[in-house]
Amino acid sequence: VWVTCRMALTGTSGRIGSTKSGIMSFSEGGAVCKRYRKEADMIRVLFVCHGNICRSTMAECVMRYLVDKAGVADDFHIDSAATSREDIGSDVHPGTRRKLSELGIPYGRFDHIVIMDEENAWGLECILRGDPEGKVSKLLSWAGLDRDVADPWYTGDFDTTYRDVRMGCQAMLEALS
């Protein structure tokens with residue numbers, strides 16, 4: 001999936017891998033993916049974590065839920081990706097799926113690339129080779145906090161991760177709306 005991020009974010013040509021919401025393809029010369037041409041005027045948000053099975057997937061689903069509930073879903077394109085290839089082909093973590101289900105939340109190019117922790121910042125730096133347009137931010141910085149979203153892969157605590165994700169997404173929606 002890191003190849004997907006790099007190619008989607010740098011405009012590299014050729015067919016590339018998939019994100020949680022589908023396969024993206026780029027034509028010769030790095031033209032914008034057909035899938036995203038209609039969405040050029042939308043606010044495009046990409047949530048990124050290490051494996052795209054826990055936090056970034058949860059953030060994608062929570063943000064989709066929030067923008068839908070706020071009646072502004074047509075103004076946003078929201079997706080998620082990973083900085084690592086280790087979990088390519090893995091499904092969403094069962095704990096993330098269970099937490100989202102408990103709460104009734106359904107499961108190119110981006111204006112905002114939102115990371116979950118400092119390790120993601122390092123991984124994304126390796127992929128992007130910098131952030132000259134200032135698109136990268138930590139999710140909790142939107143809520144005025146300078147800390148990472150806890151990784152439930154290690155803690156097993158999906159409730160705390162959900163609270164962090166919800167707080168960050170809510171603050172981001174308020175700032176972007």
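Because the structure is predicted, anything quoted here is derived from the model rather than measured.
- Cluster annotation: Val72 is connected to Ile78 through the hydrophobic network of ILVMFWY side chains, with a link wherever side-chain heavy atoms come within less than 4.5 Å.
- When all heavy atoms are compared, the tightest approach of Leu173 to Ala70 is CD2-CB, 4.1 Å.
- For Gly51 against Ala82, the heavy-atom pair with the smallest separation is C-CB, 3.6 Å.
- Nearest heavy-atom pair, Cys169 versus Ala59, reported as atom, atom and distance to 0.1 Å: SG-O, 3.7 Å.
- In this structure, CD on Gln170 lies 8.5 Å from CE on Met63, to the nearest 0.5 angstrom.
- Salt bridge annotation for Lys138-Asp148: present, with a cationic side-chain nitrogen under 4.0 angstrom from a carboxylate oxygen.
- Counting heavy atoms from C-beta on, the side chains of Leu139 and Val165 come closer than 4.5 Å.
- Within the 4.5 Å cutoff, the side chain of Asn120 has heavy atoms near those of the His50 side chain.
- Contact of the Phe47 side chain with the Ile115 side chain is not registered, since no non-hydrogen atoms from C-beta on lie closer than 4.5 Å.
- Although no hydrogens or angles enter the test, the distance criterion places a donor-acceptor pair under 3.5 Å between the side chain of Thr57 and the main chain of Asn52.
- His112 has its side chain out of reach of Lys135: every pair of non-hydrogen atoms, C-beta onward, lies at least 4.5 Å apart.
- Heavy-atom minimum distance, Cys54 versus Pro152: CB-CG, 3.8 Å.
- A 4.5 Å side-chain heavy-atom check between Phe76 and Arg44 finds every atom pair outside the cut-off.
- Counting all heavy atoms, side chain and backbone alike, Cys49 lies closest to Ser56 at SG-OG, 3.1 Å.
- Ser137 pairs by the side chain to side chain donor-acceptor pair (under 3.5 Å) definition with Trp142, not counting sequence neighbours.
- Between Asp164 and Arg147 there is a salt bridge, with a side-chain nitrogen of the basic residue lying less than 4.0 Å from a carboxylate oxygen of the acidic one.
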Could you please spell out the steps behind the side-chain contact (heavy atoms from CB on, under 4.5 Å) verdict for Leu46 and Glu60?
-> CA-CA 8 Å; Leu46 178 67; Glu60 175 191 356; over 6 Å; no
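- Side-chain contact between Asp79 and Val45: absent, with no pair of heavy atoms (C-beta onward) separated by less than 4.5 Å.
- When atom types are taken as modelled, the side chain of Asp68 and the backbone of Tyr65 share no donor-acceptor pair closer than 3.5 angstrom.
- Annotation: side chain of Arg163 is not in contact with side chain of Phe158 (no heavy-atom distance under 4.5 Å).
- Looking at Asp151 and Arg55, a side-chain N of the basic residue comes within less than 4.0 Å of a carboxylate O on the acidic one, giving a salt bridge.
- Taking 4.5 Å as the limit, some side-chain heavy atom of Val149 sits within range of a side-chain heavy atom of Thr161.
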